[in-house]
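Sequential numbering from 1 along the given sequence is applied to the chain's residues.
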Amino acid sequence: MVTGTRADYGLLFWLLKELHFDDRCELQVIATGMHLSPEFGLTYRQIEDDGFRIDAKVEMLLSSDSPIGIAKSMGLGVIGFADAYQSLVPDLLVVLGDRFEILAAVQAALPRRIPVAHIAGGDTTEGAMDEAIRHSITKMSHLHFVTNDSAARRVRQLGENPQFIFNVGSPGIDQIKRLELLRKPELEAALGFSFRERNLLITFHPATLEEKAPSEQFTQLLMALSTFGDDYGFIFTRPNADTDGRVLNAMIDEFVVLHDNSTVHTSLGQLRYLSVLALVDVVVGNSSSGLYEAPSLHTATVNIGDRQKGRLQASSVINCEPHCEAIRAAIEHAVVLDCSMAVNPYGDGDSSPRIAKVLCEIGLEAELIKKSFFDF
């Protein structure tokens, strides 16, 4: 199993648990990307603290977050994963999502004839290059664990064998179902931050295919936040290692210095992140967690711009353009929105055991590797 960010590790956590204690398989973990970067909190330590052995570390992130830097990081990743597979000799590779680290992992597996199990394929996100990466991974994968019926249909439309497409829901909901979340006093002590009358969790990642630069959109968000008084608290989490991510980090730092009612964290970890998500009034930004996890906690989401455009959405999600006035209006609407009846379209929180069952029972015979195109 490959994990490259704090986000995908959180989604994979309970599947890792399932496989770790299953005698039918031997779990190997490869950590890469942001996990190995001091800038992003060296989060591989959390994996080890949770009791998992990291069998290989693939260093691939360059210090540059420019387009050429990201492209070179992908190339380094392919080389690093090739070495890791040579050492570990895996029978099956499990990956999640649509980031460039995962694309590198799957590319390196292809010539070694390692079958790939891909989690969360078939979604659409029109505002990011993740869209193309996700579908590319689908075509290089052999088992498909999708989160909803629409995604299953798209994977089928890409020519994949229906026999190997499994609608299991989102593993992110498994965390919510199984974790005992922190209460407000515990969380305030852990964060070093006092909640206000109204509180917002802000996670904004660079939207890599938007017309405007990420900094322009983020400026509009910060301008909107500045119009709210001290009765509002702002909890920022830093963006991913994507193009122009460091620019957004600098803008967050400047905002937090100037606003006592705000705080920023490089990585909250799953327990603290979900606890914050449950206690705030609104999650604001363009993170998939606002669509995948927030509805299960009955927390409103203000989804900015096109980064998540095309994904299934619960009634608790409010979409808005990346403009100051639109963002402010959406937040004002969200803080009074009743989300108690919101239904999460991404499943029931039992994805991990479903995935583990298939992984441990599937036959890895030749027909799994030698794919045929199934016409829709």
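- At a threshold of 4.0 Å, the pair Glu186-Arg183 counts as salt-bridged, since one of the basic side-chain nitrogens sits closer than that to a carboxylate oxygen.
- Ion pair Glu361/Lys357 flagged as a salt bridge, since at least one NZ, NE, NH1 or NH2 atom sits closer than 4.0 Å to an Asp/Glu carboxylate oxygen.
- Using modelled atom types and a 3.5 Å distance limit, the side chains of Asn319 and Gln313 yield a donor-acceptor pair.
- Under a 4.0 Å N-O distance rule, the pair Arg178/Asp350 qualifies as a salt bridge.
- In the model, Gln86 has a side-chain atom that pairs as donor or acceptor with a side-chain atom of Arg112 under 3.5 Å.
- Side chain of Asn344 to main chain of Tyr292: a donor-acceptor pair is present (N/O by atom type, distance under 3.5 Å, no hydrogens or angles).
- Ion pairing between Glu332 and Arg328 holds under the 4.0 Å rule for side-chain N and carboxylate O.
- Of the charged side-chain nitrogens involved, none lies within less than 4.0 Å of a carboxylate oxygen, so that Lys17 and Asp50 do not count as a salt-bridged pair.
- Between Phe236 and Phe255, the ring planes lie perpendicular to each other; the angle is over 60°, past the 30° to 60° tilted range.
- Neither side chain, Arg307 nor Ser288, offers a donor N or O lying under 3.5 Å from an acceptor on the other.
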Checking Met140 against Val116 for the side chain to side chain contact (heavy atoms under 4.5 Å, CB included) test, could you report, in this order, the C-alpha distance in whole Å, the side-chain angles of both residues, the deciding distance, and whether it holds? CA-CA 7 Å; Met140 290 188 283; Val116 176; 6.0 Å; no
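- Between Phe228 and Tyr232, the two ring planes are tilted [angle within 30° to 60°].
- Under 3.5 Å, the side chains of His144 and Thr138 contain no donor-acceptor pair of N or O atoms.
- Ion pair Asp123/Arg311 flagged as a salt bridge, since at least one NZ, NE, NH1 or NH2 atom sits closer than 4.0 Å to an Asp/Glu carboxylate oxygen.
- Of the possible polar contacts, none joining the Thr43 side chain to the Gln46 backbone as a donor-acceptor pair under 3.5 Å is found.
- Residues Asp338 and Ser340 bring a donor and an acceptor atom of their side chains to less than 3.5 Å of each other.
- A salt bridge does not link Glu48 to Arg53: none of the charged side-chain nitrogens sits closer than 4.0 Å to a carboxylate oxygen.
- Asp149 and Asn167 share a donor-acceptor pair across their side chains, judged by distance under 3.5 Å alone.
- With hydrogens and angles disregarded, no donor-acceptor distance shorter than 3.5 Å links the side chain of Asp281 to the backbone of Val335.
- For Arg354, the side chain to side chain donor-acceptor pair (under 3.5 Å) partners at least two apart in sequence or on another chain are Asp348.
- Panel note: side chain Asp55, backbone Val29; a donor-acceptor pair is recorded below 3.5 Å.
- Between the side chains of Tyr273 and Ser289, at least one donor N or O sits under 3.5 Å from an acceptor N or O.
- Remark: side-chain polar atoms of Ser316 are not paired, donor with acceptor, to backbone N or O of Ala300 under 3.5 angstrom.
- A ring-centre distance under 6.0 Å is found for Phe52 and His20.
- For residues 296-344, the set of pairs meeting the ring pair (Phe, Tyr, Trp, His ring centres under 6.0 Å) definition, not counting sequence neighbours, is empty.
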